[in-house]
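Worksheet: the structure to be examined is printed underneath.
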Amino acid sequence: MTPDTRIERPRLDDVARTAGVSVPTVSRVLNGKGGASQETRQAVLAAMDSLGYERPARTAGRSKGQIGVVVPDLVNPIFPAFAGAIAALLAPNDYIPALCTLPGGGITEDEYVALMLDQGVSGIIFVCAAHSDGRASVERYRRLRGRVPFVLVNGPRPEIDAPSVSNDDATAIRTAVRHLVAQGHQRVGFVTGSDRFVPSRRKLEGFRAGLVQFLGEDDAEPHVAVGMFTIEGGQSAANELIDSGHTGIVCASDVMALGAMRAAQTRGLRVPEDISVVGFDDSPLMAFTDPPLTTLRQNIAAMAEAAVHALVTELGGDRTARTDVLFQADLVVRGSTGAGPAVRGAS
């Protein structure tokens, strides 16, 4: 007698049980109906994949169009992370992401926008684009208003009539200063980029506030070094701070923090035994540097969700708030920060 070797196919109730939702909810997701949050939808689709449940050809209706996603570059790991998070949320909403990176082979942001409009994009999400440059004209965005909805990420400009989503940069940097002072560092410096950029200005405000609150320092200028948002820029700026006796360094980006660590190490100094370094973003792979980087983690998933939600709402004909929606960063403590001289000297 031959044993029955047929494998029972997973059913809707299996998917529901795995996803922790009801069978009707699974059915709504399968049929592209409303009533399920983005988080629930993703859980159901993940359960289908894990159980080998064959998805329908599409789990939603026909594509509603393209959404432009404009980022400064794909070199700094934080921008691909934003682009990926936004793209992952656009697809379930039946929009196709169209990624534009700057500089794009000599193509300017304005030229990209013109090309996207020619292609009939439904909306645009700008991540740290020209809007984040405090000296750049906002006329381009005024012209765009009324043609397609758009959302600004990390670089609010009150004079632009559009939804805005940002990381709370000032509070994040102040938190980093507090962390280093609590470790015993009395000379805390800040490596940052040009203050023409809105995020840089906010971070500098946070650093100044941290110096006043935690070290009683009213003058931040001797503790700030400016460089490009690159490893080399971070290294050069960090060398200035090390020369002036700083033992704790907060950096405006993870890439600059890598440069700060290299500055210390090329001088024969140890991180964190001699110099403590804090980054900003918690870009991919920062947990695997040597030593692993202490950094401020932007909540990319939540910010991307807020940006996509605002854009989809506007596309639906409803106006969203124009106040900048701020998200808190988390301090992720790893191996690049340690006890400062005050603590080591007391032990």
Side chain of [X], backbone of [Y]: donor and acceptor closer than 3.5 Å?
X	Y	value
Thr192	Val226	no
Ser27	Val23	no
Asn93	Tyr95	no
Arg157	His131	yes
Ser50	Ala47	yes
His246	Ile275	no
Asp254	Ser283	yes
Glu314	Thr320	yes
Thr175	Thr171	yes
Tyr53	Val15	no

What are the two closest heavy atoms between [X] and [Y], and how far apart are they?
X	Y	answer
Ile231	Val255	N-CG1, 3.4 Å
Pro156	Asp324	CG-OD2, 3.3 Å
Glu240	Ala225	OE1-CB, 3.8 Å
Gly245	Arg187	O-CB, 3.4 Å
Ala136	Ala130	CB-O, 3.6 Å

Between [X] and [Y], is any pair of side-chain heavy atoms under 4.5 Å apart?
X	Y	value
Arg334	Val278	no
Ile67	Pro97	no
Leu241	Phe190	no
Phe280	Ile173	yes
Ser122	Leu315	yes

First locate atom [atom1] of [X], then atom [atom2] of [Y], and finally report the distance between them rounded to the nearest 0.5 Å.
X	Y	atom1	atom2	value
Gln186	Glu217	CD	CD	9.0 Å
Glu205	Ser200	CD	OG	11.0 Å
Leu211	Glu221	CG	CD	12.5 Å
Leu326	Met303	CG	CE	9.0 Å
Met286	Ile78	CE	CD1	10.0 Å
Glu305	Ile86	CD	CD1	12.0 Å

Arg196 with Asp133: basic N within carboxylate O range, under 4.0 Å = yes
Thinking salt bridges, do Arg319 and Asp161 make one under a 4.0 Å N-O criterion?
->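 Answer for the salt bridge query: yes.
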Only one of Ile249, Asp290, Thr294 clears side chain to side chain contact (heavy atoms under 4.5 Å, CB included) with Ser336; which?
->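 Only one option passes, and that is Thr294.
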Option among Val71, Asn154, Val69, Val113 that satisfies the side chain to side chain contact (heavy atoms under 4.5 Å, CB included) test with Phe126 |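 That would be Val113.
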Verdict with reasoning, Arg174 to Asp168, per salt bridge (Lys or Arg N to Asp or Glu O under 4.0 Å) = CA-CA 10 Å; Arg174 189 167 57 84; Asp168 188 350; over 6 Å; no
Find out if a path of hydrophobic residues (ILVMFWY) with successive side-chain heavy-atom gaps under 4.5 Å connects Phe82 to Val325.
-> yes
Checking side-chain contact (heavy atoms from CB on, under 4.5 Å) for the pair Asn167/Leu296: CA distance, chi angles, key distance, verdict?
-> CA-CA 11 Å; Asn167 185 73; Leu296 294 148; over 6 Å; no
Is the Lys NZ or Arg CZ of Arg202 less than 6.0 Å from the centre of Phe197's six-membered ring, within 45° of the axis?
-> no
Would you please test Met261 and Leu269 for side-chain contact (heavy atoms from CB on, under 4.5 Å) and show each step?
-> CA-CA 9 Å; Met261 289 201 292; Leu269 300 174; over 6 Å; no
